[in-house]
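Only this structure's heavy atoms are used, side chains among them; waters, hydrogens and symmetry mates stay out. First the proteins, then the strands, lettered A, B, ... as listed; each starts at 1.
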There are 2 protein chains.
Amino acid sequence: MANSASGDSVVDRVVRVIAAFPEGVAVLQLSELAERAGLPLSSAHRLVRQLAEHGFLDLGAGGNVRLGMRLWELVNRNSPTLALRQAAMPFMEDIQQVLSRNVNLAVLDGWEALFVERLSRRGSVANRARVAGRMPVHISSAGLALMANQPRDVQAEYLGQFSDPGGKVTAGVVRQLLAETAQQGYAQLAGVVDPDTWSIAVPVVDGKRRTVAALGVVLPLAETRPQALVPALQTAARGIGRQLDKLREG
Amino acid sequence: MANSASGDSVVDRVVRVIAAFPEGVAVLQLSELAERAGLPLSSAHRLVRQLAEHGFLDLGAGGNVRLGMRLWELVNRNSPTLALRQAAMPFMEDIQQVLSRNVNLAVLDGWEALFVERLSRRGSVANRARVAGRMPVHISSAGLALMANQPRDVQAEYLGQFSDPGGKVTAGVVRQLLAETAQQGYAQLAGVVDPDTWSIAVPVVDGKRRTVAALGVVLPLAETRPQALVPALQTAARGIGRQLDKLREG
DNA sequence: CTGCACTTTCCATTCAATGGTACGGGCTCG
DNA sequence: CGAGCCCGTACCATTGAATGGAAAGTGCAG
């Protein structure tokens with residue numbers, strides 16, 4: 001044998017090691033990590049030790065492996081959504097104060113809404129949208145708000161996904177949802193994620209007219225006219241867009 | 001030439017590429033990245049492309065490189081401080097509501113306090129403690145609260161750092177600060193970071209009596225009796241510790 | 001239109017990465 | 001209490017994957 005019997009590069013392996021942690025799991029036994037990453041134990045051990053030397057992983061006594069603080073720090077200091085989150089935070093706090101609702105901020109990644117920031121209020125309804133959590137575009141208000149404002153070609157490619165059989169959702173239904181969202185200027189979904197909640201989201205648009213994020217709130221179904229919150233959200237979204245442009249210049 | 005003329009492994013290089021982004025910088029030109037990482041352009045290019053294939057980096061048109069959303073997502077879903085942050089969030093929100101102050105949460109990493117979560121209030125004084133920001137132990141209340149409650153051997157090793165000449169701070173001064181902090185049960189610093197602010201922090205202790213974090217607030221110097229906030233912080237800190245134990249079991 | 005600076009691709013060379021094997025320590029089960 | 005097992009750690013001969021100089025491609029500025 002020699003370099004990689006399985007035909008994968010070192011980079012592939014490093015990625016597999018770091019990506020081997022299942023969602024929400026912080027500690028992994030070395031042997032389990034090796035198995036999950038599909039690597040021989042000795043190779044996994046060597047890689048882990050090398051990464052640990054750089055603080056990208058932590059190799060504790062007894063072979064329990066965690067992600068390293070250095071990696072966390074680097075990613076959070078230089079993440080591509082850093083400017084967005086900084087721009088959005090004050091406005092999200094305003095919304096939370098004024099409306100007393102869970103607030104969240106999402107970007108489009110693939111065909112899913114990826115939630116990059118969230119403020120939840122104790123006592124208000126549970127917010128399923130975890131930070132770093134994902135939800136498919138067509139079953140989240142944030143996803144709809146994002147997709148409904150994407151360029152035509154992106155939407156077309158996205159809708160193409162639903163042509164395949166086996167899916168309960170058809171392209172027509174999704175197209176209709178997107179059309180409504182675009183026409184209204186906001187997305188609204190009831191009971192899809194959690195049967196007892198509404199969710200509403202509006203697009204955040206930057207100076208170049210690109211929809212870069214979605215700002216949303218979650219509220220109990222009991223709320224009779226959730227649309228009443230839309231103007232507040234739209235105002236905040238405009239503020240975020242403006243602030244984002246400022247940050248990108250300076 | 002062959003594998004690494006400079007004697008560094010592939011893992012070293014991958015780490016250097018990811019770590020090449022200066023603080024707060026999200027985009028880097030490929031050539032600049034190569035220089036910062038100390039790599040030949042073609043090697044940097046190959047590594048970046050490989051990492052980009054896995055979503056750990058984004059290689060945009062024109063060779064501008066960003067950290068990838070996948071990496072951000074992985075790190076935030078599996079970070080070692082995830083449980084801590086989840087346990088702390090509700091209590092931090094309570095503090096923010098009740099005291100109307102900036103709240104922050106830090107852990108000890110090396111000889112620095114690393115801020116892992118923060119809630120800031122519009123209109124209240126600026127909070128210099130950025131998420132993923134660091135501050136030396138002896139000039140942050142969070143750092144003092146953390147170090148003052150570490151085991152003896154850790155403190156001894158830490159204090160050893162100040163033996164070297166050239167530093168304005170002596171071991172004696174720091175030892176005194178730590179002693180006061182330990183005796184009072186909270187750390188308090190005025191005007192060190194920002195001349196117009198106080199900062200106060202209390203330790204967060206888990207079920208095994210280990211000090212795992214520091215919970216702190218920042219407030220204007222005008223505040224006459226900042227100590228009045230201590231009981232509220234301590235109550236919240238105890239709550240966080242208890243919640244953390246629960247999360248670790250379940 | 002020319003020149004420059006940067007990204008991207010190519011490919012022969014060669015040493016760093018590989019993983020089977022073996023050792024050691026801790027835990028469980030009979 | 002001892003045997004067996006599992007898991008982390010260390011070693012080292014083999015070899016093909018990683019390397020980087022060089023050249024081609026690209027886009028922008030003057």
Does a side-chain N or O of [X] approach OP1 or OP2 of [N] to a distance below 4.0 Å, or not?
X	N	value
A:Ser43	C:dT18	no
A:Arg49	D:dG8	no
A:His45	D:dG8	no
A:Arg46	C:dG19	no
A:Arg13	D:dA17	no

D:dG8 base / A:Ser31 side chain donor-acceptor hit below 3.5 Å: no

Roughly, in whole Å, what's the span from [atom1] in [X] to [atom2] in [N]?
X	N	atom1	atom2	answer
A:Leu47	C:dG19	CG	P	9 Å
A:Asp12	C:dT18	CG	P	11 Å
A:Leu41	D:dC6	CG	C1'	11 Å
A:Gln50	D:dA10	CD	C1'	14 Å
A:Leu30	C:dG19	CG	C1'	14 Å
A:Leu59	D:dC7	CG	P	16 Å
B:Glu35	C:dC6	CD	C1'	13 Å
B:Gln29	D:dG27	CD	C1'	12 Å

Sugar-phosphate, base or nothing in reach of A:Leu39, heavy atoms under 4.0 Å: nothing

No-hydrogen, no-angle side-chain donor-acceptor test under 3.5 Å, A:Ser9 and B:Gln50: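 On atom types as modelled, these side chains qualify, holding a pair under 3.5 Å.
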
Residue closer to the 5' end of DNA chain D, A:Val11 versus A:Gly60 (nearest nucleotide): A:Gly60

Answer yes or no: is there an ion pair linking [X] with [Y], defined by an N-O contact shorter than 4.0 Å?
X	Y	result
B:Lys208	B:Asp245	no
A:Asp206	A:Arg248	yes
B:Arg134	B:Asp109	yes

Any donor-acceptor pair under 3.5 Å from A:Asn78 side chain to B:Gly24 backbone: yes

Closest listed nucleotide, where the reference is the side chain of B:Ser42 and the choices are D:dT19, D:dA22, C:dT18: D:dA22

